[in-house]
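First the structure, which I've put down as structure tokens, then a few questions once you've had a look.
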Amino acid sequence: MDEQALLGLNPNADSDFRQRALAYFEQLKISPDAWQVCAEALAQRTYSDDHIKFFCFQVLEHQVKYKYSELTTVQQQLIRETLISWLQAQMLNPQPEKTFIRNKAAQVFALLFVTEYLTKWPKFFFDILSVVDLNPRGVDLYLRILMAIDSELVDRDVVHTSEEARRNTLIKDTMREQCIPNLVESWYQILQNYQYTNSEVTCQCLEVVGAYVSWIDLSLIANDRFINMLLGHMSIEVLREEACDCLFEIVNKGMDPVDKMKLVESLCRVLQSAGFFSIDQLTVLSDQQKANVEAIMLAVMKKLTYDEEYNFENEGEDEAMFVEYRKQLKLLLDRLAQVSPELLLASVRRVFSSTLQNWQTTRFMEVEVAIRLLYMLAEALPVSHGAHFSGDVSKASALQDMMRTLVTSGVSSYQHTSVTLEFFETVVRYEKFFTVEPQHIPCVLMAFLDHRGLRHSSAKVRSRTAYLFSRFVKSLNKQMNPFIEDILNRIQDLLELSPPENGYQSLLSSDDQLFIYETAGVLIVNSEYPAERKQALMRNLLTPLMEKFKILLEKLMLAQDEERQASLADCLNHAVGFASRTSKAFSNKQTVKQCGCSEVYLDCLQTFLPALSCPLQKDILRSGVRTFLHRMIICLEEEVLPFIPSASEHMLKDCEAKDLQEFIPLINQITAKFKIQVSPFLQQMFMPLLHAIFEVLLRPAEENDQSAALEKQMLRRSYFAFLQTVTGSGMSEVIANQGAENVERVLVTVIQGAVEYPDPIAQKTCFIILSKLVELWGGKDGPVGFADFVYKHIVPACFLAPLKQTFDLADAQTVLALSECAVTLKTIHLKRGPECVQYLQQEYLPSLQVAPEIIQEFCQALQQPDAKVFKNYLKVFFQRAKP
């Protein structure tokens, strides 16, 4: 391009230069191949000057608008590829292009669309959406392109020839048939994603909806999900005007008068139910208004009732729709409660009391909805920390009366699953009632424990009750003391571990049993018994698990059939999981030691650890034991340490990437918790662990195997997280004592992690490790050769990483990595002083061809005492440095 002529594009250029630029533009318009130079400049981002970019788009626009048919198929393809490349580049640019450039680009896209959509580019929108996804910068361009297309197709201010009008009609018909539903879905996703976080994009999208609604199927927009969202936007000040405009366009759409009337009526209903009209704006209600509100409340209560056709045993689409409908009715009831909480309370109380008085002769759906309404009052009349039975006396009294009726009426015996479940849900929601009237606890416990709850004929009821029972006991643990041994005796059969071969079908699934074990643990730990009694009860709970575990492990070692091996391993895993779950009952106030239970859990450890050396079903067995170890590190403190070396040795044998990923957090937990206590163990297992990691990372994988690539990426992150834990826990000697060759190998992997892999999460961790090592070893008394390593490897890494094309400074994770990079450079300067500045000024930065004045500027920023100043500067430095 004529660089001199391009100078005239600047608005501040003198008239001679401007004339030259205009002449050059006319020359390029005539030239058969000048557009290709402009296309290349845009695709390769040759120019940073906004006016030159705009100029290039103008040349392309002229080519597409007036001379497109003269181009070969290859040249037309080049224009398509140029525009898509430019769009992709916008996702990576640190700063968005100026608005006038984005608008011009959108116009060129629109011109190409109307020219090519029907013939050569039917997947236009698919290609655009696959590039922009939900990236806010991409969404902005996508919406601008849509507005430009709308202008080309339907703008009545633009005069179209009859040929263009026919073409536009055909395009709209084709779009309605092929892509409009997908476009509408994309608008909904954009609105949903950005309505609270990006008002500019949201307003743009509303503008698009308002523009397109005039010529697309109205039912795609005039429906509950869109209208409710629009109504929500009306309560957000920055969106209100655009939302009103959009709603106006919907109502203003040309259509049959009867259809228009239906639309307006449905909008009014939505507006009214959303509270835009009348009832919730009333401050003092007249008697008539009270009667109206009460009538609405009763209507909502009636609508909440299940109908005869609802299939509780096999819930399908119709049932799911009714559940969703109930949620909407619940929201409406909440809004009515805001109008008059007293009215709602009185209405519910009346319905509840009359129903519960005659529950034996009342249909299940009426009994269920009566209890459901009591349940719903908790959210309709909110209080802090569930304190429904204190404060406002009249409200507390009404709720207390209803709860008393619920638990004394005998309704828990009603022979329908929906009533039974609602009973237990409500009892647990209002657990504070039982601190006010604890005399009702025994009868509710019996309901949980007998055929009404955990022994109900329905598996669904048993499963949900197991969870609710756990919650009930935990929330009322102070009131449970008189009932502990009785409960433990009654749940004994529910704690049975069901081996696969005995054919016995347990009442509860293994997941449900977890809640029962946790409940048993809570009862024992929070009891007022002395430590000896707690220990005895915990041993009674866990000994059957240990005994079964030993027998099952022996059977697994002998099992030949793979299916039998898998079912035995599952059962073993459940045993470990149950024991692990009991430990959740311990807390800072009630530790394992204080409860005298250390010995029991140490016995469990000794019982479970041999499973790690079992060659069969390794994945599932290791996973269970590893989880148990995590819990024991928390519960047993240093008593667990003697078991760690042999457990680690077994877990490092025959490792896959996933095994290592899951093992490293265990080592991190031990390192962070015990620090210097585990230093000898860490020094011993450090290199075996690293060899296992490196061996997996170096295994060849197929080029397109994304699963293997992701596993390796996650393993790399875990490896660097391990090094960060070691260095951050003040245990750098663990690395230092591995011998010079191994230390160098480790340090090189950290440098590689910081520079070579485009993974900002791992890069951030690597820079944290490097800055910590510089802080520990970078002084005058550091290890021999480390200062050389700093200048040969760490300083270059701080520049090479951010200069990579994959280091996207518009990405939040990458910015965090750059921040740690800045900390690393600051730490080097802190430890090495003027020597560091001299190296940068005289050797390293000149080797990168950095201008002397920029070098000076960089070194001054580095020497600023405020680290934040340098962090901000570093971002600007690399933004300028990258093409």
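On a predicted model such as this, the values are computed, not experimentally measured, just so you know.
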query = Where the side chain of S463 meets the backbone of K460, is there a donor-acceptor pair that is under 3.5 Å apart?
reply = no
ask   = Is the backbone N or O of V746 less than 3.5 Å from a side-chain atom of T749, with the two atoms forming a donor-acceptor pair by type?
value = yes
query = Do we see a donor-acceptor contact under 3.5 Å between the side chains of S679 and Q683?
reply = yes
ask   = Between the main-chain N or O of E485 and the side-chain N or O of N489, is there a donor-acceptor pair closer than 3.5 Å?
value = yes
Smallest separation among heavy atoms of L494 and Q513, with atom names = O-NE2, 3.0 Å
request  = Test salt bridge (charged side-chain N to carboxylate O under 4.0 Å, His left out) on E741 and R745 and set out the steps.
outcome  = CA-CA 6 Å; E741 194 177 318; R745 187 178 178 191; over 6 Å; no
Side chain to side chain, K658 and D619, heavy atoms closer than 4.5 Å = no
Salt bridge flag under 4.0 Å for residues K618 and E656 = no
key: Residues which pass side-chain contact (heavy atoms from CB on, under 4.5 Å) with S527, listed by chain and number, not counting sequence neighbours   = N481, I484, Y529, K534
query = Quick check, are the ring centers of F628 and F643 under 6.0 angstrom apart?
reply = no
message = Is any side-chain heavy atom of H650 closer than 4.5 Å to one of V625?
response = no
inquiry  = What I want to check is whether the side chains of D512 and S509 have a donor and an acceptor closer together than 3.5 Å.
reply    = yes
ask   = Are R716 and Y757 in a cation-pi contact, defined as NZ or CZ under 6.0 Å from the six-membered ring centre and within 45° of the axis?
value = yes
query = Does any pair with a residue in residues 815-827 pass side chain to side chain donor-acceptor pair (under 3.5 Å), and if so which ones, sequence neighbours excluded?
reply = S819-K871
Show me, pair by pair, the donor-acceptor contacts under 3.5 angstrom made by side chains of residues 605-613, not counting sequence neighbours?
residue: T607; atom: OG1; partner: D603; partner atom: O; Å: 2.8
residue: S613; atom: OG; partner: P610; partner atom: O; Å: 2.8

